[in-house]
**Q** 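Handing you a structure now.
In what follows, residues are counted from 1 in the order of the sequence shown. Note that the structure is predicted; figures quoted are calculated from it, not measured.
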Amino acid sequence: MRMLVVGGSGFLGGEVCRRGVAAGWSVVGTSHRGEIAVPGVGARRLDVTDRDAVRRLVAEVGPDAVVGTAYRTDDWTVTADGAAHVAYAAAEVGVRLVHLSSDALHGGRPEPYGDEEPPSPVHVYGAAKAAAETAVRAVDPSAVLVRTSLIVGEGSKQIRLCREALAGRAVLFTDELRCPIDVTDLARAVLELATSSYAGLLNVAGPDAVSRAELGLLVARRDGLDPGGMTTATGRSSGLVRPTQVRLDSSRAAGLLRTRLRGVAELLAG
């Protein structure tokens, strides 16, 4: 079995590459510079905003599955147009597509979001992820679209942000709730879905809803750091336009997948 991981140099993409190789897949990963720091992975350079280049690479690699993880929070063409190009190329040759989406496309509310909830973005990145989903579903109805949350694990930007806040060099919001998921759990789930027949939207996140400030306290406890210096604020007082309470209900995924989606309290228990 051969897999193409678009965005293989990213935090999640790299883990999907590693897990794919370990599971016996022949893996090709792409990055904008053509560098993938994962042993056993064929590295290819790719600009996802170039539709013809994406089509040529997919046809050349001849994968059995394509995993799309590429995005940039400040670049619509990469996040939205790039996802559309990957979906078109995968559909053109009839291969399985796993598209990674985000809870950032929700606006926030007290009640959990189900798998089929329509997007309600409040900022540009969320709108780009919503546009990406629209394109993928239109081009390839057989694709699975994985909506996930904050991705944690050693080396993740979420854990780095917590450590920066604990040192007083960054701010964690007390009113911005998410459902963090471990990068290894998410990568395993992606590999399962790559060989499944599930089509459509699927929430894949951890069961624990915590604020970013609570996540910082969990990191402090695990790493033996003093939480007294942690800098916090509210999203409203900061003036930033970002979703607040976004809880993903991942019960469907929990029943569908063999991979256990662990909560962040368990992950950071030390």
**Q** Please name the pair of heavy atoms, one in Glu15 and one in Ala187, separated by the smallest distance, quoted to 0.1 Å.
**A** CG-CB, 3.6 Å

**Q** Are Leu46 and Val58 co-members of a hydrophobic cluster defined by side-chain heavy atoms under 4.5 Å apart?
**A** yes

**Q** Taking His85 for its side chain and Val48 for its backbone only, find out whether a donor-acceptor pair lies under 3.5 Å.
**A** yes

**Q** Side-chain contact test, heavy atoms from C-beta onward, threshold under 4.5 Å: evaluate it for Arg33 versus Arg45 and give yes or no.
**A** no

**Q** Quick one: does Ser149's side chain get under 4.5 Å of Arg178's, heavy atoms only?
**A** yes

**Q** Measure across Leu191 and Gly20 and return the closest heavy-atom pair with its distance rounded to 0.1 Å.
**A** CD1-N, 3.7 Å

**Q** Name each donor-acceptor pair under 3.5 Å that joins a side chain in residues 88-97 to protein atoms two or more places apart or in another chain, with its distance.
**A**
| residue | atom | partner | partner atom | Å |
| --- | --- | --- | --- | --- |
| Tyr88 | OH | Arg51 | NH2 | 3.4 |
| Glu92 | OE1 | Arg55 | NE | 2.9 |
| Glu92 | OE2 | Arg55 | NE | 3.3 |
| Glu92 | OE2 | Arg55 | NH2 | 2.6 |
| Arg96 | NE | Leu193 | O | 3.1 |
| Arg96 | NE | Ser196 | O | 3.2 |
| Arg96 | NH1 | Ser142 | O | 2.8 |
| Arg96 | NH1 | Tyr198 | O | 2.9 |
| Arg96 | NH2 | Leu193 | O | 3.0 |
| Arg96 | NH2 | Ser196 | O | 3.3 |
| Arg96 | NH2 | Ser196 | OG | 3.1 |
| Arg96 | NH2 | Tyr198 | O | 2.6 |

**Q** Hydrophobic clusters here meaning ILVMFWY residues chained together by side-chain heavy-atom distances under 4.5 Å, can you tell me if Leu57 and Val86 are in one?
**A** yes

**Q** What is the minimum heavy-atom distance between Val136 and Ala83, and which atoms define it?
**A** CG2-O, 4.0 Å

**Q** Check for me, please, whether Leu257 and Leu248 land in the same ILVMFWY cluster - side-chain distances under 4.5 Å, paths through other members count.
**A** no

**Q** With heavy-atom distances below 4.5 Å as the criterion, would you say the side chains of Leu145 and Leu202 are in contact?
**A** no

**Q** If the condition is ring pair (Phe, Tyr, Trp, His ring centres under 6.0 Å), which residues does His99 pass it with, not counting sequence neighbours?
**A** none

**Q** Could you measure the distance from the CD atom of Glu214 to the SG atom of Cys162? Nearest 0.5 Å is fine.
**A** 11.0 Å

**Q** Any Lys/Arg nitrogen of Arg109 or Glu117 sitting under 4.0 Å from an Asp/Glu carboxylate oxygen of the other?
**A** yes

**Q** Is there a donor-acceptor pair closer than 3.5 Å between any side-chain N or O of Thr30 and the backbone N or O of Gly7?
**A** yes

**Q** Quick check against the 3.5 Å criterion: does Asp81 have a side-chain atom that pairs as donor or acceptor with the backbone of Thr49?
**A** no

**Q** Taking Gln245 for its side chain and Glu176 for its backbone only, find out whether a donor-acceptor pair lies under 3.5 Å.
**A** no

**Q** How far apart are the closest heavy atoms of Leu161 and Ala170, and which atoms are they?
**A** CD1-CB, 3.7 Å

**Q** When rounded to the nearest 0.5 angstrom, what is the spacing between OG1 in Thr79 and CG in Asp74?
**A** 8.0 Å

**Q** Cluster question for you: counting only ILVMFWY and a side-chain heavy-atom cut-off of under 4.5 Å, with indirect links fine, are Val144 and Ile181 together?
**A** yes

**Q** For the pair Asp223 (side chain) and Leu225 (backbone), establish whether a donor and an acceptor sit closer than 3.5 Å, ignoring hydrogens and angles.
**A** no

**Q** Donor-acceptor pair, Thr259 side chain versus Asp185 backbone, under 3.5 Å?
**A** no

**Q** Please determine whether side-chain contact (heavy atoms from CB on, under 4.5 Å) holds for the pair Gln158 and Ile151, giving the CA-CA distance in whole Å, both sets of side-chain angles, and the decisive distance to 0.1 Å.
**A** CA-CA 7 Å; Gln158 307 302 337; Ile151 303 174; 5.7 Å; no

**Q** Could you tell me whether a side-chain N or O of Asp115 sits under 3.5 Å from a main-chain N or O of Asn203, the two making a donor and an acceptor?
**A** yes

**Q** Which distance, rounded to the nearest 0.5 Å, do you find between the CZ of Arg56 and the CG of Asp52?
**A** 6.0 Å

**Q** List the steps, then state whether side-chain contact (heavy atoms from CB on, under 4.5 Å) holds for Val219 with Ile159.
**A** CA-CA 7 Å; Val219 171; Ile159 300 300; 3.8 Å; yes

**Q** Taking C-beta and beyond as the side chain, do Val21 and Val41 meet within less than 4.5 Å on heavy atoms?
**A** yes

**Q** With side chains defined as the heavy atoms from C-beta onward, is the minimum distance between Val183 and Glu154 less than 4.5 Å?
**A** no

**Q** Examine distances only and state if a side-chain atom of Thr148 and a backbone atom of Val204 form a donor-acceptor pair shorter than 3.5 Å.
**A** yes

**Q** If every non-hydrogen atom of Ser9 is compared with every non-hydrogen atom of Ile36, which pair is closest and at what distance?
**A** N-CD1, 3.5 Å

**Q** Looking at CG of Leu166 and OG1 of Thr231, how far apart are the two atoms once the value is rounded to the nearest 0.5 Å?
**A** 9.0 Å

**Q** With a 4.0 Å cut-off on N to O distance, would you call Glu116 and Arg252 a salt bridge?
**A** yes

**Q** What pairs meet the salt bridge (Lys or Arg N to Asp or Glu O under 4.0 Å) rule with one or both residues in residues 165-175, with sequence neighbours excluded?
**A** Glu164-Arg169

**Q** Should Arg262 and Asp182 count as an ion pair when the cut-off is N to O under 4.0 Å?
**A** yes

**Q** If you count heavy atoms of other groups shown closer than 6.0 angstrom to OH of Tyr113, is the number above 12?
**A** yes

**Q** Please examine the side chains of Val27 and Val5, heavy atoms only from C-beta on, and report whether any two atoms are closer than 4.5 Å.
**A** yes

**Q** Listed by chain and number, what are the side chain to side chain donor-acceptor pair (under 3.5 Å) partners of Arg72, not counting sequence neighbours?
**A** none

**Q** Is any side-chain heavy atom of Leu268 closer than 4.5 Å to a side-chain heavy atom of Arg221?
**A** no

**Q** Run Thr69 and Val190 through side-chain contact (heavy atoms from CB on, under 4.5 Å) and show every step you take.
**A** CA-CA 11 Å; Thr69 69; Val190 165; over 6 Å; no

**Q** Would a hydrophobic clustering, with Ile, Leu, Val, Met, Phe, Trp and Tyr connected at side-chain separations under 4.5 Å, put Met3 with Val61?
**A** no

**Q** With the side chain counted from C-beta on, respond yes when Arg188 and Arg19 share a heavy-atom pair under 4.5 Å apart, and no when they do not.
**A** yes

**Q** Less than 4.0 angstrom from a charged side-chain N to a carboxylate O is my criterion; do Glu111 and Arg247 meet it?
**A** no

**Q** Tabulate below the donor-acceptor pairs under 3.5 Å that side-chain atoms of residues 121-135 make, not counting sequence neighbours, or state none.
**A**
| residue | atom | partner | partner atom | Å |
| --- | --- | --- | --- | --- |
| His123 | ND1 | Gly126 | N | 3.1 |
| Lys129 | NZ | Leu100 | O | 3.0 |
| Glu133 | OE1 | Arg147 | NE | 3.4 |
| Glu133 | OE1 | Arg147 | NH2 | 2.7 |
| Glu133 | OE2 | Ser101 | OG | 2.7 |
| Glu133 | OE2 | Arg147 | NE | 2.8 |
| Thr134 | OG1 | Ala130 | O | 3.1 |

**Q** Does Asp64 reach the main-chain N or O of Arg2 with its side chain, forming a donor-acceptor pair under 3.5 Å?
**A** yes

**Q** Quick check against the 3.5 Å criterion: does Arg212 have a side-chain atom that pairs as donor or acceptor with the backbone of Leu177?
**A** no

**Q** Grab the two heavy atoms, one from Ser250 and one from Leu261, that are nearest each other, plus how far apart they are.
**A** CB-CD1, 4.4 Å

**Q** Tell me, please, which residues at least two apart from Ser156 pass side chain to side chain donor-acceptor pair (under 3.5 Å).
**A** none

**Q** Could you walk me through whether Val67 and Leu4 satisfy the side-chain contact (heavy atoms from CB on, under 4.5 Å) test, starting with their C-alpha distance in whole Å, then the side-chain angles of each, then the deciding distance to 0.1 Å, before giving a yes or no?
**A** CA-CA 6 Å; Val67 178; Leu4 175 63; over 6 Å; no

